[in-house]
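Remarks on the structure that follows.
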Amino acid sequence: MKADFDVAVVGSGFSGSLLAMIAKRLGRSVVLIERGSHPRFAIGESSTPLANLLLEEIATDYGLPRLRPLCEWGSWQRAYPDVACGLKRGFTFYHHEFDRPWGRRLDRANELLVAASPHDEVADTHWYRPEFDEFLVREAQSLGVEYLDETELAGISKSPLGLRLEGARGAKRVDIQARFTVDATGPRGFLHRAFGLPESPFSNLPPVEGLFTHFVDVHRWDGLMPCARAGAPYPPDDAAVHHVFPGGWIWVLGVGKGITSAGVAAVAGRFDLEDGTGWLKLLERLPAVREQFAHARATMPFIHAANLPFRSGVVVGPNWALMPSAAGFVDPLLSTGFPLTLLGIQRLAEVLKHLDAPEPHLKGHETQTLREVNRAAELIAALYRNMDRPRIFNALTLLYFAAASFTESARRLGKPDLAGRTFLLGDHPRFAPAFELCLDLAFQRADPTALVKAVLTAIEPIDVAGLSDLSRLNSYGVFASDLRGAAHKLNASVEEVDAMLARCGFVAKPEAVP
Ligand SMILES: Cc1cc2nc3c(=O)[nH]c(=O)nc-3n(C[C@H](O)[C@H](O)[C@H](O)COP(=O)(O)OP(=O)(O)OC[C@H]3O[C@@H](n4cnc5c(N)ncnc54)[C@H](O)[C@@H]3O)c2cc1C
């Protein structure tokens, strides 16, 4: 194949396919190049309210209405029952001590449940990536994107048009010229290697390794620990479940079809995590988690990622850009990967609108991509530093939840400027410096009382979700009364908040839920 395109996107994960669709909607000719073929396994499943809102904005802004049902659990079930996903009502955390059973404490200090949605219909999802990513590729093809799977790119060079990509698809030669190329192949991906881009490690993060796979027959935590249901704002397993222990944490996500995605991220070398034996050895030290996996079977071999965090020193060039997911990755903790990538897709859409003079947009993409991944890295580094201190860990997560819920509310109210342009309110005049102060205290492993106070002070101007209310004992539901009471923080009237809640389906219509 020899052809010229306006845009070449390398990598057909969800981000590559989404950008290819947008490019097509902008009137560009587009080729989407994939090394493998769909359906295929991909890690990274847990969406968030902000991720879903960004997907919704993309669907609206670029005339992609078939994506809209994927933004909420209920509409997804009705529109695409053949594309599997799991139900995510919030973030569930349990803190563990080695070699001791887990038990609920009176003050609930060893748990944290933060609801992200008021009911199932509008809940978030865990994407079953083999089917989700395949669906998006087919959508891209149906819009006219040229899709080349099983294509191995061997070389890249400058060309009169922009860049020239050469390789092979089976026995056939592939020779493509594109005005603009986007690398959506993930960390240490295609352009990073082809251009020999420098890696720029995060300064505060410890080296972290990961070990993960898909399982069947994982027990529900709330089945093993019925006490965990009492006072919970949602069934604790219908969420991203985190088991936190000194030096690392385990995720447990239902992704549909009876499949559970689970794995561990931990300070490299602290545990023997090279393969499935390492997983079993770790569970030996965590008796309650071991019980949850007592009858579990892995459906595929474990994948060991020796070095999870990654940041590229360069993100853009004259005719190319890295997707945020190719430019940097911090950790699965707090599910920052999807929102950072979707924010980047919105920026790259601006680049594609201005292909005749992309420079300012490209520079903006690089600056924002690095700022945002750095911000996520700082918070996650502070969490790693305090994984053995549940009270501090829980308090620090409130920085994330407060910033994320404020951002979502501001955008849903049509006031995105209130949240600024940077992930986790990085431009907010009061929150941003207070956030930094909290992280400094966390790195110093400051006295818990002082640190919790600093966090409550930091989130006060942006808390629209009742997160400052200590009487809730680490169990935060989604209540209209919290948003109404915080309307002034969003420069909104109570009537505006009520109208927004009505638009977003805040009040459950049980008959709508399948
Ligand atoms: C252990 C782990 C857990 C995670 N959990 C979460 C989570 O719960 N929530 C969250 O928000 N984020 C999570 N992330 C991050 C998330 O995985 C990424 O943000 C997301 O997968 C990025 O999607 P993508 O489409 O950009 O890339 P990918 O899904 O990585 O897809 C890249 C595609 O490029 C193809 N490719 C690779 N090299 C080439 C090449 N040379 N030529 C052509 N094609 C190529 C691959 O085959 C693949 O299809 C996690 C990451 C890890 C490592």
Side-chain angles (χ1 to χ4, degrees), residues 8-20 31-52 54-55 86 88 91 124-127 129-130 132-134 136-137 147-156 165 167-169 174 181-194 208-213 239-242 249-253 255 261-266 302-310 322-345 348 373 376 380 423:
V9 179
V10 188
S12 68
F14 85 91
S15 74
S17 294
L18 279 179
L19 191 69
V31 62
L32 177 61
I33 303 167
E34 167 61 46
R35 187 171 57 184
S37 62
H38 290 276
R40 55 93 178 91
F41 172 85
I43 193 63
E45 291 122 337
S46 193
S47 78
T48 62
L50 181 57
N52 280 333
L54 293 168
L55 187 59
K88 180 179 179 187
F91 286 79
D124 298 320
T125 46
H126 295 142
W127 303 344
R129 296 283 302 273
F132 182 71
D133 288 10
E134 181 175 35
L136 294 181
V137 163
Y147 173 57
L148 299 180
D149 64 356
E150 298 184 350
T151 299
E152 199 63 55
L153 292 176
I156 185 160
L165 301 160
R169 187 173 192 223
V174 170
T181 299
V182 176
D183 180 358
T185 60
R188 303 176 184 91
F190 171 63
L191 283 187
H192 182 78
R193 286 196 302 267
V208 172
E209 61 183 324
L211 182 70
F212 48 87
T213 185
V241 177
H242 304 63
W249 67 285
I250 284 170
W251 66 89
V252 185
L253 313 173
V255 293
S261 173
V264 53
F302 276 83
I303 295 174
H304 178 236
N307 193 3
L308 279 181
F310 164 75
L322 302 184
M323 190 62 82
S325 47
F329 175 67
V330 184
D331 195 272
L333 197 55
L334 301 179
S335 308
T336 57
F338 293 173
L340 290 183
T341 299
L342 289 159
L343 285 163
I345 288 175
L348 288 170
V373 77
I380 287 166
F423 187 55

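Numbering of ligands and ligand atoms starts at 1, following listing order. All values below were derived from every heavy atom in this structure, side-chain atoms included, with hydrogens, water molecules and symmetry-related copies excluded. Since we're looking at a predicted model, the values are computed, not measured.
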Counting only nitrogen or oxygen atoms and a 3.5 angstrom limit, does Glu34 reach ligand 1?
yes
Taking all non-hydrogen atoms of both residues into account, name the closest pair between Glu209 and Ala306 and its distance.
CB-O, 3.5 Å
Between Arg169 and Thr151 (side chain of the first, backbone of the second, donor and acceptor by atom type, cut-off under 3.5 Å), is there such a pair?
no
shortest atom 24 (P) of ligand 1-to-protein heavy-atom contact is with Ser15 OG, 3.4 Å
Subset of ligand 1 atoms that lie under 4.0 Å from at least one heavy atom of Val10
42 (N), 43 (C)
Quick one: look up the protein heavy atom nearest atom 34 (O) of ligand 1 and list residue, atom name and how far away it is.
Gly11 CA, 3.3 Å
Check the angle between the aromatic planes of Phe132 and Phe14 and answer parallel, tilted or perpendicular using the 30° and 60° thresholds.
tilted
Check each atom of ligand 1 against the heavy atoms of Arg40 and keep those under 4.0 Å away; list them by number with element.
31 (O), 48 (C), 49 (O)
Taking the non-hydrogen atoms of His126, is any one of them nearer than 4.0 angstrom to ligand 1?
no
With a 4.0 Å cut-off on heavy atoms, is Ile33 in contact with ligand 1?
yes
Considering the heavy atoms of Glu45, write down every atom of ligand 1 situated less than 4.0 Å from one of them.
7 (C), 8 (O)
Aromatic ring proximity, centroids under 6.0 angstrom, Phe310 and His192
yes
Note the single closest protein heavy atom to atom 30 (O) of ligand 1, along with its residue, its atom name and the distance in Å.
Gly186 CA, 4.3 Å
How close does the nearest protein non-hydrogen atom get to atom 9 (N) of ligand 1, and which residue and atom is it?
Ser46 O, 3.0 Å
If we number the atoms of ligand 1 from 1 as shown, the ones under 4.0 Å from a heavy atom of Leu308 are 53 (C)
Return a yes/no value for Trp251: is any of its N or O atoms, backbone included, closer than 3.5 angstrom to an N or O of ligand 1?
no
For atom 15 (C) of ligand 1, what's the nearest protein heavy-atom neighbour? Residue, atom name and distance, please.
Phe329 CE1, 3.5 Å
In short, Ser335 meets Pro339 closest at the heavy-atom pair O-CD, 3.3 Å
Can you give me the closest heavy-atom contact between Trp251 and Ala265, atom names plus distance?
CZ3-N, 3.8 Å
Nearest protein heavy atom to atom 5 (N) of ligand 1, by residue and atom, and its distance?
Gly44 CA, 3.4 Å
What closest approach, in Å, do Val373 and Phe329 show between heavy atoms, and which atom pair accounts for it?
CG2-N, 4.3 Å
Within the distance-only criterion (no hydrogens, no angle test), does the side chain of Ser47 pair as donor or acceptor with the backbone N or O of Thr125 below 3.5 angstrom?
yes
When you measure from the side chain of His304 to the backbone N and O of Phe302, does any donor-acceptor pair fall under 3.5 Å?
no
Kindly give the heavy-atom pair with the smallest separation between Arg188 and Pro309, and that separation in Å.
NH2-O, 3.0 Å
Which option, Phe310, Phe212, Phe14, owns the non-hydrogen atom nearest atom 23 (O) of ligand 1?
Phe14
Is any N or O atom of Phe190, backbone or side chain, closer than 3.5 Å to an N or O atom of ligand 1?
no
Test of proximity, His38 against ligand 1: N or O pairs below 3.5 Å
no
Find all atoms of ligand 1 within a distance of less than 4.0 Å from any non-hydrogen atom belonging to Ile43, and give their numbers and elements.
1 (C), 2 (C), 3 (C), 17 (O), 21 (O), 52 (C), 53 (C)
Indicate the atoms forming the closest heavy-atom contact of Leu322 with Leu348, along with that distance.
O-CD1, 4.4 Å
Please tell me if the side chains of Val174 and Leu165 come closer than 4.5 Å, counting only heavy atoms from C-beta onward.
no
Do Leu342 and Pro324 have side-chain heavy atoms sitting under 4.5 Å apart?
no
For Ser325, is at least one N or O under 3.5 Å away from an N or O on ligand 1?
yes
What protein heavy atom sits nearest atom 29 (O) of ligand 1, and how far off is it?
Arg129 NH2, 2.6 Å
Polar-atom distance check: Pro339 versus ligand 1, any N or O pair below 3.5 Å?
no
Judging by distance only, is a nitrogen or oxygen of Asp133 under 3.5 angstrom from one on ligand 1?
no
Any side-chain heavy atom of Val241 sitting closer than 4.5 Å to one from Leu253?
no
Has Ala184 got any heavy atom lying under 4.0 angstrom from an atom of ligand 1?
yes
For atom 44 (N) of ligand 1, what is the nearest protein heavy atom, given as residue, atom name and distance?
Arg35 N, 3.0 Å
Got a list of side-chain donor-acceptor pairs under 3.5 Å for residues 31-42, not counting sequence neighbours?
{"unit_1": "Glu34", "atom_1": "OE1", "unit_2": "Ser12", "atom_2": "N", "d": "2.9"}
{"unit_1": "Glu34", "atom_1": "OE1", "unit_2": "Ser12", "atom_2": "OG", "d": "2.7"}
{"unit_1": "Glu34", "atom_1": "OE2", "unit_2": "Gly36", "atom_2": "N", "d": "2.8"}
{"unit_1": "Ser37", "atom_1": "OG", "unit_2": "Glu150", "atom_2": "OE2", "d": "3.4"}
{"unit_1": "His38", "atom_1": "NE2", "unit_2": "Ser12", "atom_2": "O", "d": "3.0"}
{"unit_1": "His38", "atom_1": "NE2", "unit_2": "Ser12", "atom_2": "OG", "d": "2.7"}
{"unit_1": "Arg40", "atom_1": "NH1", "unit_2": "Asp133", "atom_2": "OD2", "d": "2.9"}
{"unit_1": "Arg40", "atom_1": "NH2", "unit_2": "Asp133", "atom_2": "OD2", "d": "3.0"}

Is there a nitrogen or oxygen of Thr185 sitting under 3.5 Å from a nitrogen or oxygen of ligand 1?
no
